[in-house]
Amino acid sequence: MSAFTAGIFNKLNTDTTLIGLLNTYNTNPAIFTGDKVPNNADLPYITISGNITGDAADTKTTEGRDVVRDIGCWDAESSSVLTVETIAERVHDLCHRATFTFTGHTNWSSEASPPISTPPEEGVFGRIITIRIRTEEN
């Protein structure tokens with residue numbers, strides 16, 4: 001797991017309010033960082049994407065990164081849409097102007113977009129929060 005993935009995962013995985021809204025997978029909160037969610041994972045759960053974009057954020061004296069990631073919040077269509085919206089709002093609150101801990105990087109700033117709806121998928125409600133994180137390499 002990359003330093004950025006681990007930092008985002010740890011921020012979400014340690015929030016008891018968020019954990020209480022999610023299902024579990026192998027006794028852990030259902031937060032997935034890989035490209036595929038296991039077939040036997042039950043909704044609701046969260047997915048953390050790899051970098052959508054990434055740019056250098058260097059200054060005169062430091063090397064930095066500007067990383068953009070999507071966090072997906074998912075629940076069954078048979079549930080109330082309120083559940084997925086509640087999860088997404090909690091993720092937004094945890095990531096907007098937050099301080100993340102990344103191995104090898106110091107977090108300068110972070111911004112999270114308000115949740116947006118995903119294109120319809122049969123049987124699933126989804127919301128996406130896009131986060132932008134600026135760091136300095138240690």
Under 4.5 Å between side-chain heavy atoms, chaining through other members, with only Ile, Leu, Val, Met, Phe, Trp and Tyr counted: pull out the rest of the cluster around Ile19, sorted by chain and number.
none
Is Asn23 reaching over with its side chain to a backbone N or O of Leu43, donor-acceptor style, under 3.5 angstrom?
yes
Sequence-distant partners of Glu85, salt bridge (charged side-chain N to carboxylate O under 4.0 Å, His left out), two or more places apart:
Arg127
Dump the intermediate steps for side chain to side chain donor-acceptor pair (under 3.5 Å) on Asn10 and Thr101, then the final yes or no.
CA-CA 8 Å; Asn10 290 336; Thr101 302; over 6 Å; no
Spatial distance of atom CG (Asp75) from atom OG (Ser80) [nearest 0.5 Å]
8.5 Å
Under the rule for side-chain contact (heavy atoms from CB on, under 4.5 Å), what residues qualify as partners of Thr33, not counting sequence neighbours?
Met1, Thr5, Phe9, Ile48
For Thr118, side-chain contact (heavy atoms from CB on, under 4.5 Å) partners two or more places apart
Trp74, Ile128
Under 6.0 Å between ring centres: does that hold for Phe4 and His105?
yes
Can you name the residues that form a salt bridge (charged side-chain N to carboxylate O under 4.0 Å, His left out) with Glu89, not counting sequence neighbours?
none
Looking only at side-chain N and O atoms, does Thr135 offer a donor or acceptor that is under 3.5 Å from a partner on Asn107?
no
Would you mind reporting whether Thr83 and Leu21 have side-chain heavy atoms less than 4.5 Å apart?
no
So, taking the atom named CZ in Arg97 and the one named OG in Ser110, what distance separates them when rounded to the nearest 0.5 Å?
9.5 Å
Mind checking side-chain hydrogen bond (donor to acceptor under 3.5 Å, both in side chains) for Glu77 and listing every partner two or more places apart, or none if nothing turns up?
none
Got a second to check how far Ile133's CD1 is from Trp108's CH2, nearest 0.5 Å?
13.5 Å
Rounded to the nearest 0.5 angstrom, the NE2-CD1 distance for His92 and Ile131 is 11.0 Å
Residue pair Ile31, Leu22: steps toward the side-chain contact (heavy atoms from CB on, under 4.5 Å) verdict:
CA-CA 8 Å; Ile31 302 172; Leu22 301 175; 3.7 Å; yes
Which residues pass the side-chain contact (heavy atoms from CB on, under 4.5 Å) test with Glu122, not counting sequence neighbours?
none
Which residue is it: Asn13, Leu18, Leu12? I am looking for the one with a side chain to side chain contact (heavy atoms under 4.5 Å, CB included) to Pro29.
Asn13
Lys11 side chain to Val91 main-chain N or O, any donor-acceptor pair under 3.5 Å?
no
Going by heavy atoms in the side chains, are Glu63 and Glu136 under 4.5 Å from each other?
no
Salt bridge (charged side-chain N to carboxylate O under 4.0 Å, His left out) involving Arg90 - partner list, sequence neighbours excluded:
Asp15
Residues at least two apart in sequence or cross-chain that pass salt bridge (charged side-chain N to carboxylate O under 4.0 Å, His left out) with Glu111, listed by chain then number, are Arg134
Any side-chain heavy atom of Ile129 within less than 4.5 Å of one from Asp70?
no
Apply side-chain contact (heavy atoms from CB on, under 4.5 Å) to Asp93 and list each qualifying residue two or more places apart in sequence or on a separate chain.
none
Spacing of Leu94 atom CG and Ile71 atom CD1 [to the nearest 0.5 Å]:
9.0 Å
Contacts of type ring-ring contact (aromatic ring centres under 6.0 Å, His included), residue Phe32, not counting sequence neighbours
Tyr25, Tyr45
Tell me, please, which residues at least two apart from Phe125 pass ring-ring contact (aromatic ring centres under 6.0 Å, His included).
none
To the nearest 0.5 Å, what is the distance between OG (Ser49) and CD1 (Ile8)?
7.5 Å
Between Cys73 and Ala88, which heavy-atom pair has the shortest distance, and what is it?
SG-CA, 3.7 Å
Nearest heavy-atom approach of Arg69 to Ser2 is NH2-OG, 3.4 Å
